[in-house]
K.L.:
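Please find one structure pasted underneath; my questions will follow.
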Amino acid sequence: MLTLRLPDGATREAPEGALPREIVASIGSRLLRDAIAVEVDGEVLDLTTPLRKGGAFRVLTEKDAESLSVLRHSGAHILATAVRRLRPDAKIGFGPSIEDGFYYDFEVEEPFTPEDLEKFEAEMRKVIAEKFSFVREEVSQPEAQKRFADDPLKLERLGEFSSDEIISTYTDGPFVDLCRGPHVPDTGYLKHFKLLHTAGAYWRGDERRQMLQRIYATAWFRKEDLEAHLHRLEEAKRRDHRALSQLLDLYSTDARVGPGLILWHPKGAIVRNEIENYERALILRHGYELVYTPHIVSEKLFQISGHLENFKEGMFGAMDVDGAAYRPKPMNCPGHICIYQSRQRSYRDLPIRYAEFGAVYRYERSGVLHGMMRVRGFTQDDAHVFCTLEQVPAEIERLMDLCDEMLRTFGYPYTIELATRPEKALGSPELWKQAEATLADVLTKRGQAYEMDEGGGAFYGPKLDFKLIDAIGRKWQGPTVQLDFNLPERFGLEYTGADNAAHRPIMLHRVLVGSMERFVGGLIEHFAGAFPLWLAPEQVRVIPIADDFREFAASVVRRLKARGARAHLDDRSETLNYRIRDGETMKVPYMAVVGKREAEADSIALRVRGAGKKQEILTVADFTARVEDELATRALVP
RNA sequence: GCCACAGUAGCUCAGGGGUAGAGCACCCGAUUCGUAAUCGGGCGGUCGUGAGUUCAAAUCUCACCUGUGGCUCCA
């Protein structure tokens, strides 16, 4: 007999092999109707999987997060059912649930078209209407081989089962799949879903294997959730930095320059320059020294650093300079190291913190390029701290303060991940343990919550990753801090200790924005192009109602400029409505409208971006003071 | 790099073997306006590039370039 503990503390006895459905039914018929699956001892099972062990027993309904992935996984089977009906030649790959939905991979002679997708979706609705039960069977290897005789991809997977593993299949109507489960009781449970797009995907994620056709879909229990999700997709599209940059004239690329290389237009350059000016002042205050290093360097430097050995295919090719090979730098660290080594260093000099806005060039494969987010040339706000092992905790503290201050300025909430030793790693496991513990200690001492990213560290050391959360809840790579045991060793970095002996310093790599290009791209999407005042390329647009007030408007512009604001006069021969609409479209934070009343009172009628007709009347003096204050504090307004 | 899709005026897009279209933007003129598009006129394209099929190609074929969605990769 198995003992099941219910959440309310009650226990049930059930014979081994009993079906969860029976247990749930014994608790209540209403509950049985709502049940999607059960969780026994931490494992999610469907209602028809025989119980093999007891433990904590919980019924999962639509309200439980785990249920969604069960539904989505079943959705994948329903998709495959529909595809197999319409395209019997399709060989089935894998079809898991993923964040927000599911996909299924098929191997087909003729790739799917968008019209196919519509047909599949219609066919899925039929499968759903037929309410096929998901029937689980546990079968022997030979039986499984027989069932999937026509599916080479499934046979390959079957071949990997060890003899003690249970092989299970799930059947819904005409479709049988090799599958661990769990599933919803029948196909009728899938109600609110949408096929989204097709894509190529390598079989088993291996680029040496054949490419399958993947169909992506989203699925939810409630119609509102589906609609909200589709709305989020729309919202993300609306915020796309590529389209907004076109509208706002921030950057472009040009086939003549080459893909993945960004041309910053004047307005984009203003945003970037504001960030750089801010960050420069910030890091000087936090104890950094600015340096500059060349864009091309002898490739010998990268032989020493190991980049050539490990990332050669990510580096641009060598150019011949007087018989020596030079390369565009993919990293700034070797240059900073050379500065460190330009003279003898004492323990009294440490920590040394070098910072540079360094342009780096990396060869990215053509298919991965994406707007400003993934490019071949970008500027890193890179810094390297050289310190003793004992100084590491204090330096990490300092870095966390720095990151926190910066992210608050931009208005990003964030989470932190501690990434630990990967499989392929340099340095002894003990050293790693110690370094990981040091990072964890600092986090704990600060009361900073963090998640573990096991095995996510760089090969040369563990790291802290800051993940930004943007205005629509998406996560972005933010600042990172990495410990490095490798480069100090490779370059033979030294400092003279108090004991007059040579010691090896520790190196910390850190970036705040990371890639300036990617960060600005992210900001555009975060703010949907409506930058806060201090970042906005055009901060105030002054609009005279008629030509008679042109001179007064010009004086308002002059006075704003004197306070350091980017103000422009819009005295075009267009209607007031036209110019206001244009200002809103271009997402100008403030429009100052002036007519007879304002000219007489030395005031403006202030239209705040997004506030519509609701206007404020204030004197020019008050307005310029307000703007000056908001600029000085980098306020996240309007 | 791989799979699929796309590329027509500065932008957004229609057309789809027989004379290249619209709206916006831009230029000119009129209009001088109280909070999201005033009116009229004009300029603007070897239909991504190159080959091929055809009496005829923006349209069909192929190659290449660029972009988009994924896969793979991301020091």
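Chain A is the first sequence line, chain B the second, and so forth, proteins listed ahead of strands; every chain is numbered from 1.
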K.L.:
Which base sits across from A51(B) as a Watson-Crick or G-U pair, both distances under 3.5 Å?
P.N.:
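Pairing partner, where one exists within any strand: U61(B).
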K.L.:
With sequence neighbours excluded, what pairs up with Arg362(A) under the salt bridge (Lys or Arg N to Asp or Glu O under 4.0 Å) test?
P.N.:
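Testing Arg362(A) for salt bridge (Lys or Arg N to Asp or Glu O under 4.0 Å), a comparison that skips the adjacent residues, returns none.
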K.L.:
Considering only nitrogen or oxygen atoms on both sides, find all protein atoms under 3.5 Å from nucleotides 73-75 of chain B and state each distance.
P.N.:
from	atom 1	to	atom 2	distance (Å)
C73(B)	O2	Arg374(A)	NH2	2.6
C73(B)	N3	Arg374(A)	NH1	3.3
C73(B)	N3	Arg374(A)	NH2	3.3
C74(B)	O2	Arg374(A)	NH2	3.3
A75(B)	O3'	Tyr460(A)	OH	3.1
A75(B)	N6	Gly314(A)	O	3.3

K.L.:
Provide, to the nearest angstrom, the distance between the NZ atom belonging to Lys237(A) and the P atom belonging to G69(B).
P.N.:
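Value for this atom pair: 10 Å.
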K.L.:
So what's C33(B) paired with, Watson-Crick or G-U wobble, going by both distances under 3.5 Å?
P.N.:
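Pair assignment: C33(B) / none.
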K.L.:
Decide, yes or no, whether a salt bridge links Glu584(A) with Arg607(A) under the criterion of side-chain N to carboxylate O below 4.0 Å.
P.N.:
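Salt bridge between Glu584(A) and Arg607(A), a charged N being under 4.0 Å from a carboxylate O: yes.
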K.L.:
With both distances kept under 3.5 Å, what pairs with G42(B), Watson-Crick or G-U wobble?
P.N.:
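Pairing partner, where one exists within any strand: C26(B).
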K.L.:
Pairing check on C5(B): which nucleotide meets the Watson-Crick or G-U wobble criteria with it, both distances under 3.5 Å?
P.N.:
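Base-paired to G67(B).
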K.L.:
Please report the shortest heavy-atom distance between Gly358(A) and Asn332(A), naming the atom on each side.
P.N.:
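Minimum heavy-atom separation between Gly358(A) and Asn332(A): CA-OD1, 3.6 Å.
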K.L.:
Which residues pass the side-chain contact (heavy atoms from CB on, under 4.5 Å) test with Ala554(A), sequence neighbours left out?
P.N.:
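Ala554(A): side-chain contact (heavy atoms from CB on, under 4.5 Å) contacts with Glu551(A), Arg558(A), Leu569(A).
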K.L.:
Tell me, please, which residues at least two apart from Tyr340(A) pass ring-ring contact (aromatic ring centres under 6.0 Å, His included).
P.N.:
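ring-ring contact (aromatic ring centres under 6.0 Å, His included) check on Tyr340(A) returns Phe386(A).
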K.L.:
Look at Arg550(A) together with Asp547(A) and state whether they make a salt bridge at an N to O cut-off of under 4.0 Å.
P.N.:
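The answer is yes: the pair qualifies as a salt bridge.
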K.L.:
Residues two or more places apart in sequence or in another chain: which of them pass ring-ring contact (aromatic ring centres under 6.0 Å, His included) with Trp203(A)?
P.N.:
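Trp203(A): ring-ring contact (aromatic ring centres under 6.0 Å, His included) contacts with Phe94(A).
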K.L.:
Taking any heavy-atom pair under 4.0 Å as a contact, classify Leu369(A): base, sugar-phosphate, or nothing.
P.N.:
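It contacts sugar-phosphate atoms only.
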K.L.:
In whole Å, I'd like the distance from the CG atom of Asp249(A) to the P atom of C26(B).
P.N.:
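One finds 13 Å between P of C26(B) and CG of Asp249(A), rounded.
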K.L.:
Report, one pair per line, the protein and nucleotides 4-12 of chain B atoms (nitrogen or oxygen only) whose separation is under 3.5 Å.
P.N.:
from	atom 1	to	atom 2	distance (Å)
C11(B)	O3'	Gln246(A)	NE2	3.4

K.L.:
For Arg597(A), enumerate each residue passing the salt bridge (Lys or Arg N to Asp or Glu O under 4.0 Å) test, keeping only those at least two apart in sequence or located in another chain.
P.N.:
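Testing Arg597(A) for salt bridge (Lys or Arg N to Asp or Glu O under 4.0 Å), a comparison that skips the adjacent residues, returns none.
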K.L.:
Does Arg572(A) have any side chain to side chain donor-acceptor pair (under 3.5 Å) partners at least two apart in sequence or in another chain, and if so, which?
P.N.:
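With neighbours one apart ignored, the set is Asp570(A), Asp582(A).
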K.L.:
Can you tell me the distance, in whole Å, between the CD atom of Gln210(A) and the C1' atom of C71(B)?
P.N.:
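Distance, rounded to whole Å: 13 Å.
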K.L.:
P atom, U53(B) versus U66(B): distance in rounded Å?
P.N.:
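Taking atom P in both U53(B) and U66(B), they lie 28 Å apart.
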K.L.:
Please classify the nucleic acid contact of His509(A) as base, sugar-phosphate, or nothing, using heavy-atom distances under 4.0 Å.
P.N.:
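Nothing, no nucleic acid heavy atom in range.
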K.L.:
Using the C1' atoms only, state how far A20(B) lies from G15(B), rounded to an integer number of Å.
P.N.:
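About 9 Å, rounded to a whole number of Å.
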K.L.:
Can you tell me if Arg242(A) touches the phosphate of G67(B), counting only side-chain N or O atoms and a distance under 4.0 Å to OP1 or OP2?
P.N.:
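For Arg242(A), the contact criterion (side-chain N or O under 4.0 Å from OP1 or OP2 of G67(B)) is not met.
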K.L.:
Got a sec, which pairs hit side chain to side chain donor-acceptor pair (under 3.5 Å) with one end in residues 261-270 of chain A, sequence neighbours left out?
P.N.:
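The answer is Asp249(A)-His265(A), Ser252(A)-His265(A), Trp264(A)-Glu517(A).
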K.L.:
For nucleotides U35(B) and C28(B), find the distance between their P atoms and express it as a whole number of Å.
P.N.:
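28 Å, rounded to whole Å.
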K.L.:
Nearest whole angstrom, please: distance from the P of G67(B) to the NE2 of His241(A).
P.N.:
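In whole Å, G67(B) P lies 12 Å from His241(A) NE2.
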K.L.:
Using whole Å, what does the distance between atom C1' of nucleotide G70(B) and atom CG of Leu117(A) come to?
P.N.:
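So the two atoms are 13 Å apart, to the nearest Å.
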K.L.:
Between C71(B) and Tyr216(A), is there an OP1 or OP2 to side-chain N/O distance shorter than 4.0 Å?
P.N.:
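Indeed, a polar side-chain atom of Tyr216(A) lies that close.
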K.L.:
So what does Ala199(A) hit on the nucleic acid, given a heavy-atom distance under 4.0 Å: a base, only sugar-phosphate, or nothing?
P.N.:
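Here Ala199(A) touches the bases of the nucleic acid.
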K.L.:
For the P atoms, the ones on G52(B) and on A57(B), what distance do you get once it is rounded to whole angstrom?
P.N.:
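Taking atom P in both G52(B) and A57(B), they lie 12 Å apart.
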K.L.:
What's the gap between G10(B) and C47(B) when it is taken at their C1' atoms, as a whole Å value?
P.N.:
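Their C1' atoms lie roughly 16 Å apart.
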K.L.:
Take atom CD1 of Ile215(A) and atom P of C71(B), then tell me their distance rounded to the nearest Å.
P.N.:
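About 15 Å, once rounded to whole Å.
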K.L.:
In whole angstroms, how far is the C1' atom of G1(B) from the CZ atom of Arg376(A)?
P.N.:
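Distance, rounded to whole Å: 10 Å.
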K.L.:
Suppose you measure atom C1' in G29(B) against the same atom in A56(B); what distance do you get, rounded to whole Å?
P.N.:
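43 Å, rounded to whole Å.
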K.L.:
U68(B) and A25(B): how far apart are their C1' atoms, nearest whole angstrom?
P.N.:
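That atom pair is separated by 25 Å.
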K.L.:
In whole Å, measure the gap between the C1' atoms of A14(B) and C71(B) for me.
P.N.:
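Their C1' atoms lie roughly 34 Å apart.
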K.L.:
Starting at atom CZ of Arg204(A), determine the distance to atom C1' of C71(B), rounded to an integer number of angstrom.
P.N.:
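It works out to 16 Å between those atoms.
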K.L.:
State which residues pass ring-ring contact (aromatic ring centres under 6.0 Å, His included) with Phe102(A); sequence neighbours excluded, sorted by chain then number.
P.N.:
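By the ring-ring contact (aromatic ring centres under 6.0 Å, His included) rule, Phe102(A) matches no residue at all.
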K.L.:
Residues two or more places apart in sequence or in another chain: which of them pass salt bridge (Lys or Arg N to Asp or Glu O under 4.0 Å) with Arg518(A)?
P.N.:
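By the salt bridge (Lys or Arg N to Asp or Glu O under 4.0 Å) rule, Arg518(A) matches no residue at all.
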K.L.:
Can you check each nucleotide of nucleotides 32-40 of chain B against protein heavy atoms at under 4.0 Å and return B for base, S for sugar-phosphate only, - for none, in 5' to 3' order?
P.N.:
BBBBBBB--
K.L.:
Whether the side chain of Asp465(A) engages the backbone of Thr480(A) through a donor-acceptor N/O pair (distance < 3.5 Å, no angle test) should be reported.
P.N.:
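No; zero donor-acceptor contacts below 3.5 Å.
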K.L.:
For Glu160(A), does the CD atom have more than 12 heavy-atom neighbours from other residues, nucleotides or ligands under 6.0 Å away?
P.N.:
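Enclosed.
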